[in-house]
Undergrad: 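One structure, as structure tokens, below. Some questions next.
For clarity, every value in this text was computed on a predicted model and none was experimentally measured. Order of appearance sets the numbers: ligands from 1, and atoms from 1 within every ligand.
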Amino acid sequence: MNKLSIVILAAGQGTRMKSDLPKVLHPLAGKPLVQYAVDTAAQLTPEKPLLVVGHGVAQVRQATGDQVVYVEQREQLGTGHAVLQARPLLEGRSETVLVWYADMPFLSTKTLRRLLELHAKHESPITMLTVEADDPMGFGRILRDEAGQVVGIVEEAVATEAQKAIRELNCGVYCFDSHWLWPHLTQLPLSPKGEYYLTDLVAMAVKEGKVVQAFKICDATEVLGINDRTHLAQAEAIMRQRINEKWMLEGVTLLDPSLIFIDATVEIGQDTVIYPNTYLQGATTIGCHCRLGPNTIVRDSTVGDGCIIEASVVEGAVLEEEVDVGPFSHLRKGAHLAKGVHIGNFGEVKNSYLGPGTKMGHFSYVGDATVGQGVNIGAGTVTCNYDGQRKHRTIIEDGAFIGSDTMLVAPVRVGDGAKIGAGSVVTHDIPPRSIAYGVPARVKGEVKEEG
Ligand code: UD1
Ligand code: CA
């Protein structure tokens with residue numbers, strides 16, 4: 001039997017988001033809300049968490065893949081009913097069941113660990129998380145007796161004025177003793193709203209003479225739930241500030257953190273400096289000693305040490321060390337720039353490899369090409385890779401010199417050390433170390449060996 005099973009609730013419709021996208025898939029700092037819960041669960045146990053899903057099952061499955069075990073709740077009959085759906089998979093398989101919601105991205109592993117510790121110390125059927133907060137946020141209120149013991153939870157909708165004044169709130173995070181949980185879940189009464197409330201378990205336990213433990217926290221941010229897009233924006237601001245602070249403490253300089261947007265999925269090396277209006281998104285890794293921005297987007301890319309990217313857009317690209325890009329260039333999917341490549345202004349590279357030290361300074365397009373090392377790509381060079389139906393490759397070998405305004409009509413190869421004169425249209429392969437120019441380009445001589 002496993003010690004711990006985790007159940008994450010995500011079946012609610014999220015009506016207030018007013019969205020075609022299920023609530024838990026809305027991104028927060030570039031990561032779907034549900035992924036925060038999944039990542040937190042992974043820190044607590046290697047056993048996959050159960051995700052209770054209802055609305056948008058197919059979309060959620062697509063985003064979360066096999067990181068979780070799915071449990072479908074076809075009708076949303078309340079939080080108690082939602083947990084009950086996990087019974088066939090979990091009963092008799094674990095000692096403790098930990099439950100929380102997929103829309104609470106700030107809930108920390110540390111807090112959950114402490115909750116589990118408290119639960120382990122006592123023989124309680126339920127150990128719950130509560131928060132003392134000035135703003136009751138519509139949460140259920142914790143009822144305690146004179147001795148200070150928890151005796152129940154009352155939902156805001158049915159609370160008396162006196163109960164509404166209570167500032168200890170139910171976070172919706174619970175540890176249950178599974179032997180007690182499963183049989184009791186089936187006994188939940190139907191609420192006036194026609195739902196089965198998980199919260200009613202508390203009064204049930206107390207009625208049986210059991211003690212319900214509560215672990216009280218003071219930071220309400222931790223249990224901030226995302227219900228509409230104003231909450232999402234608040235959460236985004238808090239998350240972004242935390243991410244920025246983390247990277248500054250790791251040795252990254254942010255010139256103005258309020259204008260720098262780093263997804264939760266990004267890694268950055270020490271002594272990198274980031275200027276305002278820079279967005280680092282998706283599966284992006286930035287090396288040490290880089291300079292990024294201002295006005296730069298790097299998305300799903302790997303950037304090596306010592307790179308400079310200024311006022312440019314880099315997506316789906318790999319930059320090895322000491323590459324410099326921009327201002328005003330665009331690296332697209334499959335661009336792979338080796339060490340020391342220089343891309344100046346108004347350059348575009350797609351699905352191409354550029355070898356070490358190759359330079360492409362001004363107004364050029366390189367697509368579907370393999371370019372060797374030490375190549376000079378003159379201003380305005382274009383690989384004409386598309387014939388209207390298909391894409392073709394251009395190969396430029398080591399040390400070639402491509403004159404300004406050259407059109408390379410693919411498929412075509414420019415040999416090792418060849419020189420192409422300005423304004424040429426290259427329609428046939430050019431042999432190594434030859435000199436060619438014209439429209440169409442013809443071989444007119446040979447490059448003399450130096451020295
Ligand atoms: C619940 C608690 C309340 C607590 C608050 C904290 C109950 C009855 N009340 O209220 O005491 O203060 O959370 O946020 O539990 N869900 C399902 N299936 C369902 C219903 C809900 O999966 O049938 C999921 C939702 O996706 C959501 C979570 O459970 O993530 C909470 O449901 P919600 O209806 O928002 O509960 P609250 O009214 O906020
Ligand atoms: Ca809620």
Side-chain angles (χ1 to χ4, degrees), residues 6-17 19 21-26 32-34 36-38 40 49-57 59-60 64 68 70-87 98-107 111 126 128-133 135-143 150 152-159 163-164 166-174 176 181 185 188-204 212 214 216-217 220-228 231-232 235:
I6 293 175
V7 177
I8 301 167
L9 303 189
Q13 197 163 1
T15 326
R16 282 178 283 166
M17 291 300 280
S19 178
L21 192 67
K23 176 169 89 173
V24 297
L25 294 188
H26 278 260
L33 279 176
V34 63
Y36 287 90
V38 173
T40 301
L50 270 72
L51 187 67
V52 182
V53 284
H55 285 274
V57 185
Q59 280 166 289
V60 176
T64 319
V68 302
Y70 297 91
V71 179
E72 212 174 317
Q73 186 194 20
R74 291 210 167 74
E75 259 185 298
Q76 278 72 62
L77 298 178
T79 45
H81 180 259
V83 176
L84 187 58
Q85 306 311 301
R87 185 183 190 183
L98 174 61
V99 178
W100 79 93
Y101 311 149
D103 61 0
M104 294 164 66
F106 296 105
L107 187 61
T111 294
I126 307 173
M128 57 187 296
L129 195 67
T130 69
V131 64
E132 193 82 39
D135 173 6
M137 304 183 284
F139 281 16
R141 310 296 203 274
I142 305 296
L143 307 178
V150 174
I153 301 171
V154 60
E155 292 303 304
E156 186 173 81
V158 294
Q163 288 169 333
K164 276 186 190 157
I166 296 171
R167 284 297 169 265
E168 189 184 2
L169 313 171
N170 172 30
C171 303
V173 181
Y174 320 86
F176 294 104
L181 174 68
L185 260 186
L188 280 175
L190 203 59
S191 79
K193 261 182 78 186
E195 291 188 4
Y196 298 95
Y197 289 165
L198 197 56
T199 44
D200 285 339
L201 288 175
V202 172
M204 268 164 89
V212 171
K216 203 200 291 182
I217 57 170
T221 324
E222 253 208 82
V223 291
L224 194 81
I226 312 296
N227 293 314
D228 61 34
H231 299 152
L232 189 61

Undergrad: Where's the contact between S191 and ligand 1, heavy-atom distance under 4.0 Å: side chain, backbone, both or neither?
TA: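 Contact part for S191 vs ligand 1: neither.
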Undergrad: Could you tell me whether T79 and ligand 1 have an N or O pair separated by under 3.5 Å?
TA: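 By distance alone, the answer is yes.
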Undergrad: Quick test of your reading of the structure: of A11, P22, G78, whose heavy atom lies closest to atom 20 (C) of ligand 1?
TA: G78
Undergrad: Can an N or O of V52 be found at a distance shorter than 3.5 Å from an N or O of ligand 1?
TA: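 Among all N and O atoms of V52, none is under 3.5 Å from an N or O of ligand 1.
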Undergrad: Need the ligand 1 atom indices (1-based, order shown) with element for anything under 4.0 Å from a heavy-atom of L77.
TA: 23 (O)
Undergrad: With respect to A102, determine whether any N or O atom, backbone or side chain, lies less than 3.5 Å from an N or O atom of ligand 1.
TA: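 No; the residue has no nitrogen or oxygen that sits under 3.5 Å from a nitrogen or oxygen of the ligand.
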Undergrad: Looking only at distance, does G140 have an N or O less than 3.5 Å from an N or O of ligand 1?
TA: yes
Undergrad: Under 4.0 Å, counting heavy atoms only: does G225 come that close to any atom of ligand 1?
TA: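 Distance cut 4.0 Å: G225 fails for ligand 1.
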Undergrad: Based purely on interatomic distance, does Q73 place a nitrogen or oxygen under 3.5 Å from a nitrogen or oxygen of ligand 1?
TA: yes
Undergrad: Using a 4.5 Å cut-off on heavy atoms from C-beta on, say whether the side chain of L185 contacts that of L198.
TA: yes
Undergrad: Can an N or O of N227 be found at a distance shorter than 3.5 Å from an N or O of ligand 1?
TA: no
Undergrad: I'd like to check which ligand 1 atoms, numbered from 1 as shown, lie under 4.0 Å from a non-hydrogen atom of L9.
TA: 22 (O), 24 (C), 29 (O), 30 (O)
Undergrad: Can you find a heavy atom in the side chain of M17 that is under 4.5 Å from one in the side chain of H26?
TA: yes
Undergrad: Could you pull out, from Y197, Y101, W100, F139, the option with a heavy atom nearest to atom 13 (O) of ligand 1?
TA: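 Heavy atom nearest to atom 13 (O) of ligand 1 belongs to Y101.
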Undergrad: Please enumerate all residues that pass side-chain contact (heavy atoms from CB on, under 4.5 Å) together with A235, with sequence neighbours excluded.
TA: L28, F106, L224, I226
Undergrad: Before accepting this row, confirm whether a basic side-chain N of the pair E156/R141 lies closer than 4.0 Å to the acidic partner's carboxylate O.
TA: yes
Undergrad: When you measure from the heavy atoms of H81 to every atom of ligand 1, does any distance fall below 4.0 Å?
TA: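 No, that is not the case, since the closest heavy atom of the residue is not under 4.0 Å from the ligand.
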Undergrad: Quick one: does I6's side chain get under 4.5 Å of W100's, heavy atoms only?
TA: yes
Undergrad: Does at least one non-hydrogen atom of L169 fall below 4.0 angstrom from an atom of ligand 1?
TA: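 Under 4.0 Å: no for L169.
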Undergrad: Which ligand 1 atoms does G12 reach within 4.0 Å, using its non-hydrogen atoms?
TA: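 Answer for ligand 1: 16 (N), 17 (C), 22 (O), 25 (C), 26 (O).
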Undergrad: Can you confirm whether the side chains of Y196 and D200 place a donor and an acceptor under 3.5 Å from each other?
TA: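 Looking only at side-chain atoms, D200 and Y196 do not form any donor-acceptor pair under 3.5 Å.
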Undergrad: Give me the atom names and distance for the closest heavy-atom approach of H81 to Q85.
TA: O-NE2, 2.8 Å
Undergrad: Counting from 1, what ligand 1 atoms have a heavy atom of A10 closer than 4.0 Å?
TA: 22 (O), 26 (O)
Undergrad: Is the shortest side-chain heavy-atom distance between I153 and I142 below 4.5 Å?
TA: yes
Undergrad: Please find the pair of heavy atoms, one from A10 and one from V24, that lie closest to each other, and give the distance.
TA: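 That would be CB-CG1, 4.1 Å.
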Undergrad: Do L188 and M204 touch side chain to side chain, with heavy atoms closer than 4.5 Å?
TA: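 L188 reaches M204 side chain to side chain.
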Undergrad: Does any N/O atom on E75 come nearer than 3.5 Å to any N/O atom on ligand 1?
TA: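 N/O-N/O distance under 3.5 Å: no.
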Undergrad: Between N227 and K23, is there a side-chain heavy-atom distance shorter than 4.5 Å?
TA: yes
Undergrad: Would you mind listing which atoms of ligand 1 come within a distance below 4.0 Å of any non-hydrogen atom of A82?
TA: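 Taking each heavy atom of A82 in turn, ligand 1 has 17 (C), 18 (N), 22 (O) under 4.0 Å.
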Undergrad: Does E155 approach ligand 1 within less than 4.0 angstrom via side chain, backbone, both or neither, non-hydrogen atoms only?
TA: side chain
Undergrad: Any side-chain heavy-atom pair from T64 and Y70 closer than 4.5 angstrom?
TA: yes
Undergrad: N/O of G172 under 3.5 Å from N/O of ligand 1, yes or no?
TA: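 No: no nitrogen or oxygen of G172 is under 3.5 Å from one in ligand 1.
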